[in-house]
Amino acid sequence: MTEKKIRVLVAKPGLDGHDRGAKVVARALRDAGMEVIYTGLRQTPEMIAEAALQEDVDVVGLSILSGAHMALAPRILELLKANGQEHIKVFIGGIVPDDDAPKLREMGIAGIYGPGASTEEIIRDIREAVK
Amino acid sequence: MLTQPILEGNRLALSRLLTQVENDSPEGRDALAELFPHTGKAHLIGVTGAPGTGKSSLVNQLTLHYRKEKNKKVAIIAVDPSSPFTGGAVLGDRVRMRDLSGDDGVFIRSMATRGSVGGLAQKTAAFVQVFDAAGYEIIIIETVGAGQSEVDIARLAHTTIVVEAPGLGDDIQAIKAGILEIADVLVVNKADRPGVENTERALRSTLELAHPTKRVVHHHGRMMKVDVTPSRSPERSEGAAKGLAHQAGDSSPSSTVQNDKDIWIPPIIKTISTEGIGIPELAKAIEEHKFHLHQSGDWSARDRARLRSELDAVLQEALMSRFLTGAHRDEYEEALEKVIRRDMSPYEAARILLNGKMK
Ligand SMILES: Nc1nc2c(ncn2[C@@H]2O[C@H](COP(=O)(O)OP(=O)(O)OP(=O)(O)O)[C@@H](O)[C@H]2O)c(=O)[nH]1
Ligand SMILES: [Mg+2]
């Protein structure tokens with residue numbers, strides 16, 4: 001029997017710019033032995049939830065630089081739940097003001113990482129969260 | 001029944017079962033057994049070719065076509081390689097398939113190769129069965145052309161599309177005869193790029209070299225001219241038939257008509273998949289190939305060959321594991337040591353193990 005792989009959806013919701021950061025994280029997760037489904041730029045919450053459903057992922061990683069995290073995060077959590085996938089751990093990478101972080105955690109976001117966070121930290125937290 | 005929700009179209013249940021199947025769990029196996037009687041209806045289309053030729057973009061457009069024009073349910077299995085060092089993978093094909101989101105008639109599943117080639121073929125076959133039973137009429141399997149895996153996938157598919165593109169060092173040497181042998185339809189994508197004609201020409205001459213002899217053996221020792229009904233498919237057969245006609249050496253109408261259903265010469269279709277150009281023509285060629293498979297009896301022949309190799313693979317695995325769980329484990333290890341010391345060849349060892357005379 002094959003060992004169970006951690007499957008992670010990496011998505012970039014919102015309309016802002018580039019996905020360099022998301023790609024760096026995607027590769028780091030791959031190098032940590034995870035299977036990363038990369039969906040690219042400008043994903044709507046609906047697209048993200050649909051992809052998470054089809055891919056049966058354990059984790060969704062969101063790269064949000066636009067400042068729209070307070071709108072996007074609850075919407076995505078809600079859609080995952082509606083699909084019967086409330087077990088999925090959702091992580092956010094990007095620029096999140098200190099005031100917002102506790103609120104996001106309250107909503108059920110499993111981890112929040114600023115531009116200075118190390119990929120090792122993210123990998124460790126993901127492994128811990130899906131145990 | 002465990003699998004009732006899948007037969008009823010529950011997407012979460014379907015998705016979870018794919019994971020079970022991928023991890024080869026006992027639940028997965030039981031569910032596959034239940035679903036199996038519901039399979040055998042879908043048209044399996046393999047899409048392969050070198051990295052970056054535009055396979056995912058093409059799958060995206062082709063699926064849009066099947067949704068809009070034919071209202072067929074489409075499942076896509078997008079296979080990408082796992083890293084041999086870490087076992088991880090970045091599966092990026094969905095990036096080019098965003099047009100398909102929000103449509104319940106489409107299901108896209110990404111899959112990493114995870115180690116063994118044989119294992120991949122087996123798992124892909126199992127995925128196909130799940131989608132087939134769940135009522136997906138078209139199942140498209142995208143793989144990166146890189147050796148054995150696409151040959152295995154081609155064996156699985158009814159119709160295999162090989163995608164080439166200009167500007168990838170695409171002179172004659174780069175277009176390998178091997179990959180053309182598995183092609184039922186050839187696509188020259190990125191037809192908006194310079195060098196399309198060269199790619200097309202290279203394909204055509206490789207086709208001439210690679211195809212006829214193979215096909216002749218398989219088709220009663222005769223090479224036929226396929227273009228007997230030009231009205232049905234002008235662009236498709238024109239080029240291929242032109243290139244092959246002189247080798248065919250037979251254009252007597254009666255025998256051509258009599259035998260043309262047995263012969264399939266891969267058409268070459270030019271596409272610009274970012275814009276959807278050439279997609280209706282591609283869909284038509286696929287449809288014609290399906291028709292050909294039914295006409296010639298190849299559809300059931302392929303089905304038979306596929307299920308046979310599936311059965312053989314499962315049987316081999318089962319026999320092996322039964323053998324090893326019997327009293328033979330120690331004897332096996334002992335024999336292996338002897339082989340390693342060069343005291344015995346693998347053949348001798350196998351013979352002795354099977355005769356139970358190791359001691
Ligand atoms: N100019 C042009 N570019 C295209 C065409 N089709 C695809 N592309 C581009 O080619 C690149 C690769 O396209 P994909 O569809 O991802 O190719 P692929 O073969 O699936 O790639 P891998 O899965 O990585 O092997 C993308 O940047 C596409 O936008 C085309 O017809 N013309
Ligand atoms: Mg691709």
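Both the backbone and the side chain of A:Arg42 have a heavy atom closer than 4.5 Å to some heavy atom of chain B. Neither the backbone nor the side chain of A:Glu46 comes within less than 4.5 Å of any heavy atom of chain B. Contacts between A:Leu41 and chain B at a heavy-atom distance below 4.5 Å involve the backbone alone (N, CA, C, O). With a 4.5 Å cut-off on non-hydrogen atoms, B:Arg98 touches chain A through its backbone and its side chain both. Within the 4.5 angstrom heavy-atom criterion, no atom of B:Asn10 approaches chain A.
When atom types are taken as modelled, the side chain of B:Gln129 and the backbone of B:Thr39 share no donor-acceptor pair closer than 3.5 angstrom. Not one N or O on the side chain of B:Arg96 forms a donor-acceptor pair closer than 3.5 Å with the backbone of B:Gly54. With hydrogens and angles ignored, the 3.5 Å screen pairs a side-chain donor or acceptor of A:Thr39 with a backbone N or O of A:Val10.
Closest of all the heavy-atom pairs between B:Ser110 and A:Glu55 is OG-OE2, 2.7 Å.
Of all the listed residues (B:Gly102, B:Ala89, B:Ser101), the one sharing the greatest number of non-hydrogen pairs under 4.5 Å with chain A is B:Ala89. Contact count against chain B (heavy-atom pairs under 4.5 Å) is highest for A:Glu50 among A:Met34, A:Glu50, A:Arg27. Looking only at heavy-atom pairs under 4.5 Å with chain A, the residue among B:Leu18, B:Leu14, B:Asp93, B:Val95 that has the most is B:Val95.
Using a 30° and 60° split on the angle between ring planes, A:Phe91 and A:Tyr113 fall in the parallel class, below 30°.
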With salt bridge (Lys or Arg N to Asp or Glu O under 4.0 Å) as the test, would you mind laying out the steps for B:Glu137 and B:Lys41 before giving the verdict?
CA-CA 7 Å; B:Glu137 298 151 286; B:Lys41 300 184 285 276; over 6 Å; no

